[in-house]
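Okay, so here's the structure we're looking at.
Note that the coordinates shown come from a computational prediction; the quantities given were computed from them, not determined experimentally. Chain naming here is simple, since letters A, B, ... match the order of the sequence lines and numbering starts at 1 in each.
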2 protein chains.
Amino acid sequence: MRADARDNRLRILTAADEVFGQSPQASTDAVAKLAGVGIATVFRHFPTKTELLEAVLTQRLERLRDQALTLASSDNAGRAFYMFFSRVVSESAVKLAIGEALIAAGGAAGEDARKAAAGLREAFGSLLAEAQRVGAVRRDAGLPEVYALLIGASRGATARHLEPEVRDRMLTLVYDGLRPAS
Amino acid sequence: MRADARDNRLRILTAADEVFGQSPQASTDAVAKLAGVGIATVFRHFPTKTELLEAVLTQRLERLRDQALTLASSDNAGRAFYMFFSRVVSESAVKLAIGEALIAAGGAAGEDARKAAAGLREAFGSLLAEAQRVGAVRRDAGLPEVYALLIGASRGATARHLEPEVRDRMLTLVYDGLRPAS
DNA sequence: GAAAATGCGGAGAGTTGACTTCGGTTACAA
DNA sequence: TTGTAACCGAAGTCAACTCTCCGCATTTTC
């Protein structure tokens, strides 16, 4: 692979992350413009728009998974769990919007994105299990519902440009529901 | 207004609710087909697609507000609050998707929809206040964060066709966070 | 330093969807 | 019953967007 090609691919991915982050239904033109390349170049690297969206989504999911894995090796499992939860809610809102655009556009998510999503879910599961083991999260809470709550909280926070204080108070409510009954 | 015109308008609204409920980005053609009228008829009643979406959304929001008001006159404020919360989460998933499509399409929501949304929020606020008065919901929870939680839970439930049992377990977590510390 | 191969960019083909036009039809009043 | 005004639907316009073709530039290799 030629050096300029690899370079362009990276530039396109970065630009796509930025553009789709702001509006997941932006046109491919917009991505090309921001990346400073022609439209054809974008389509050469990512034959369809769906594949481009998927690449961006996969990248974001993997980044989150890595953060979860890093936190999992922390010595305070409870803190790690709640910290990751908060981080996802405040930062990853965009990712979910992209995932939805992808599903809406291409029907089903591609193999890579699916695998990345499963990886993230698994990493989050480890975090949850550890937090439950040390008594920071109630034991009767299963991964499916906690994960749903994570996604919901993220999307609720995105929906209307929630102010940080309101978001934090909302998370307080969520966390109080997750803690073991004292 | 001629009788057939009023009739058609109603048929179009019903069809639009159905079509946009399944896929908010459906074409106007699809709505016309389901309503059994020509495309021009749809555009005569709703000059732009945005207005059609807004009409559907407004209708749904008002329906929800009416349900909230009905429940508010119940004699068990706590039960009324949690029942409404659950109902919104299980039923209104679609409405949020429509609202999002509207915002994505038209930029800002129209006047009618905005007013209907405010009405719903206010009705929900009454429900919350009553529930707090009788001690069914903790007093330090404000309307903004509880409303954000409502929206988030709804959207989390929509995101991935959540199974009913998982959804209920998620709501258990949310409700435990909302109850006063025992 | 030049040939060969590979990547690049802009113009355009093809499709999709919002919105309009116009001839024919139907509801309502006299 | 009949005139007319409003309404209806099919076909058409127009803009936007995804994806392709082809001449040109750049990198690589000897």
Practice problem: Would you please classify the geometry between the Y175(B) ring and the F85(B) ring as parallel, tilted or perpendicular, with 30° and 60° separating the classes? | Solution: perpendicular
Practice problem: Would you mind telling me which residue lines up with the more 5' stretch of DNA chain D, A26(A) or A40(A), judged by nearest nucleotide? | Solution: A26(A)
Quiz item: Is there a donor-acceptor pair under 3.5 Å between the side chain of R9(B) and the backbone N or O of V42(B)?
Solution: no
Quiz prompt | H45(A) side-chain N/O to dC8(C) phosphate OP1/OP2 under 4.0 Å | solution = yes
Quiz item: Once you round it to whole Å, what is the distance between C1' of dG9(D) and CG of L34(B)?
Solution: 17 Å
Quiz item: In whole angstrom, what separates F20(A)'s CZ from dC17(D)'s C1'?
Solution: 12 Å
Quiz item: Salt bridge or not for E130(B) and R133(B), using N-O below 4.0 Å?
Solution: yes
Quiz item: What is the distance, rounded to the nearest whole Å, between atom CG of D4(B) and atom C1' of dC7(D)?
Solution: 6 Å
Exercise. May I ask you to say what A5(B) touches in the nucleic acid, namely base, sugar-phosphate or nothing, with a heavy-atom cut-off under 4.0 Å?
Key: sugar-phosphate
Quiz item: Mapping T28(A) and R6(B) to their closest nucleotides on DNA chain D, which lands nearer the 5' end?
Solution: R6(B)
Practice problem: In whole angstrom, give the distance that lies between atom CZ of F43(B) and atom P of dC19(C). | Solution: 5 Å
Practice problem: Using a heavy-atom cut-off of under 4.0 Å over every strand shown, decide if A32(A) touches base, sugar-phosphate, or nothing. | Solution: nothing
Quiz item: From dC8(D), dC19(D), dC19(C), pick the nucleotide closest to the side chain of R44(B)?
Solution: dC8(D)
Practice problem: May I have the distance from D29(A) (atom CG) to dG9(C) (atom P), rounded to whole angstrom? | Solution: 13 Å
Self-check item: Spacing between I12(B) atom CD1 and dC7(D) atom P, to the nearest angstrom
Solution: 12 Å
Quiz item: For the side chain of S27(B), counting heavy atoms from C-beta on, which of dC8(D), dA18(C), dC8(C) is nearest?
Solution: dA18(C)
Exercise. Give the intermediate values and the outcome of side-chain contact (heavy atoms from CB on, under 4.5 Å) for residues F46(B) and L13(B).
Key: CA-CA 10 Å; F46(B) 305 94; L13(B) 253 183; 4.0 Å; yes
Quiz item: Counting only N and O atoms by type, is there a donor-acceptor contact under 3.5 Å from the side chain of R121(B) to the main-chain atoms of L143(B)?
Solution: no
Quiz prompt | Separation of dC17(D) C1' from K33(A) NZ (nearest whole Å) | solution = 12 Å
Self-check item: Closest nucleotide among dT6(C), dC8(C), dA27(C) to the R2(A) side chain
Solution: dT6(C)
Quiz item: Between dA11(D), dC28(C), dT6(C), which one does the side chain of A3(B) approach most closely?
Solution: dC28(C)
Self-check item: Protein-nucleotide distance (N8(A), atom CG; dT6(C), atom P), rounded to Å
Solution: 17 Å
Quiz item: From dC19(D), dT6(C), dG9(C), pick the nucleotide closest to the side chain of I39(A)?
Solution: dC19(D)
